[in-house]
Amino acid sequence: QVQLVESGGGSVEAGGSLTLSCTTDVRFFRERCMGWFRRAPRKEREGVAQLYTSGGYVTYADFVEGRFTISSDVAKSTMALEMKNLEPEDTGTYYCAAYRPSYTGCERYIRRDDFAHFGQGIQVTVSS
């Protein structure tokens, strides 16, 4: 059973920053597509960002608008999402997700159905 463990959530004021982290077993981390999804109150879960843990294939949702940076550290089997200039609309539960692609790289778009594994989620609250 793959476990994805999120950390780093919390509460900030608008314009503030947070960095989320996701760790998993080192045996699972390499050559995987990993990403972040979020679910705001009364909204559907949506993709935020994804990457290929062994390098490249980075995709962001349009609403990120250059405010977030996704990264991976293979040595630490950790993926991170650095979020800056947060807005109240960014409030929600953030989920780490992963899947093993059938080829090198990730799908072009962040699609919920591609991801086989999800973490428990972590809360991010941005106040105005």
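A quick note: this is a predicted structure, and the numbers were derived from the prediction, not measured.
Between Y99 atom OH and Q50 atom CD the span is 5.5 Å, to the nearest 0.5 Å. Here the CZ-SG distance, from F29 to C22, works out to 8.0 Å after rounding to the nearest 0.5 Å. Taken from SG in C96 to CE in M79, the straight-line distance is 3.5 Å, to the nearest 0.5 Å. Atoms OG and CG, from S17 and N85 in turn, are 8.0 Å apart once rounded to the nearest 0.5 Å. Between F37 atom CZ and R111 atom CZ the span is 10.5 Å, to the nearest 0.5 Å. Of the inter-residue distances, the one linking F115 atom CZ with W36 atom CH2 reads 12.0 Å to the nearest 0.5 angstrom.
Panel note: side chain E13, backbone S127; no donor-acceptor pair is recorded below 3.5 Å. Here the side chain of Y60 pairs a donor or acceptor atom with the backbone of I70 at under 3.5 angstrom. Between the side chain of T91 and the main chain of V126, a donor-acceptor pair closer than 3.5 Å is present. A side-chain donor-acceptor contact under 3.5 Å links R67 to the backbone of V64. Although no hydrogens or angles enter the test, the distance criterion places no donor-acceptor pair under 3.5 Å between the side chain of T93 and the main chain of Q123.
Residue V26 comes nearest to S77 through the heavy atom pair CA-CB, 3.8 Å, listed as atom of the first residue, atom of the second, then distance. When every heavy atom of I110 is checked against every heavy atom of A61, the shortest pair comes out as CD1-N, 4.1 Å. Looking at every heavy atom in both residues, K84 comes nearest to E82 through CE-OE2, 3.0 Å. Considering all non-hydrogen atoms of both residues, G105 and C33 come closest at O-SG, 3.2 Å. Of all heavy-atom pairs between Q120 and E6, the closest is N-OE1, 3.3 Å. The heavy-atom pair separating E107 from D114 by the smallest distance is CG-OD2, 3.4 Å.
Transitive grouping of hydrophobic side chains (ILVMFWY, heavy atoms separated by less than 4.5 Å) keeps I122 and F118 in distinct clusters. Cluster membership check: F63 shares its hydrophobic cluster with L20, using side-chain heavy-atom separations under 4.5 Å among Ile, Leu, Val, Met, Phe, Trp and Tyr. Hydrophobic clustering of Ile, Leu, Val, Met, Phe, Trp and Tyr side chains at less than 4.5 Å, counting indirect connections, unites F28 with L51. Cluster annotation: M34 is connected to V124 through the hydrophobic network of ILVMFWY side chains, with a link wherever side-chain heavy atoms come within less than 4.5 Å. The hydrophobic cluster containing L4 also contains V74, counting ILVMFWY residues as joined when their side-chain heavy atoms lie under 4.5 angstrom apart, directly or transitively.
Taking 4.5 Å as the limit, every side-chain heavy atom of V12 sits out of range of all side-chain heavy atoms of M83. Residues D90 and R38 meet the side-chain proximity criterion, which asks for heavy atoms closer than 4.5 Å. Counting heavy atoms from C-beta on, the side chains of Y57 and P101 never come closer than 4.5 Å.
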Where do T23 and K76 land on the side-chain contact (heavy atoms from CB on, under 4.5 Å) test, with the steps shown first? CA-CA 8 Å; T23 59; K76 297 180 179 179; over 6 Å; no

Can you check side-chain contact (heavy atoms from CB on, under 4.5 Å) on H117 and T24, steps first, answer last? CA-CA 11 Å; H117 310 283; T24 187; over 6 Å; no

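Under a 4.0 Å N-O distance rule, the pair E31/R100 does not qualify as a salt bridge.
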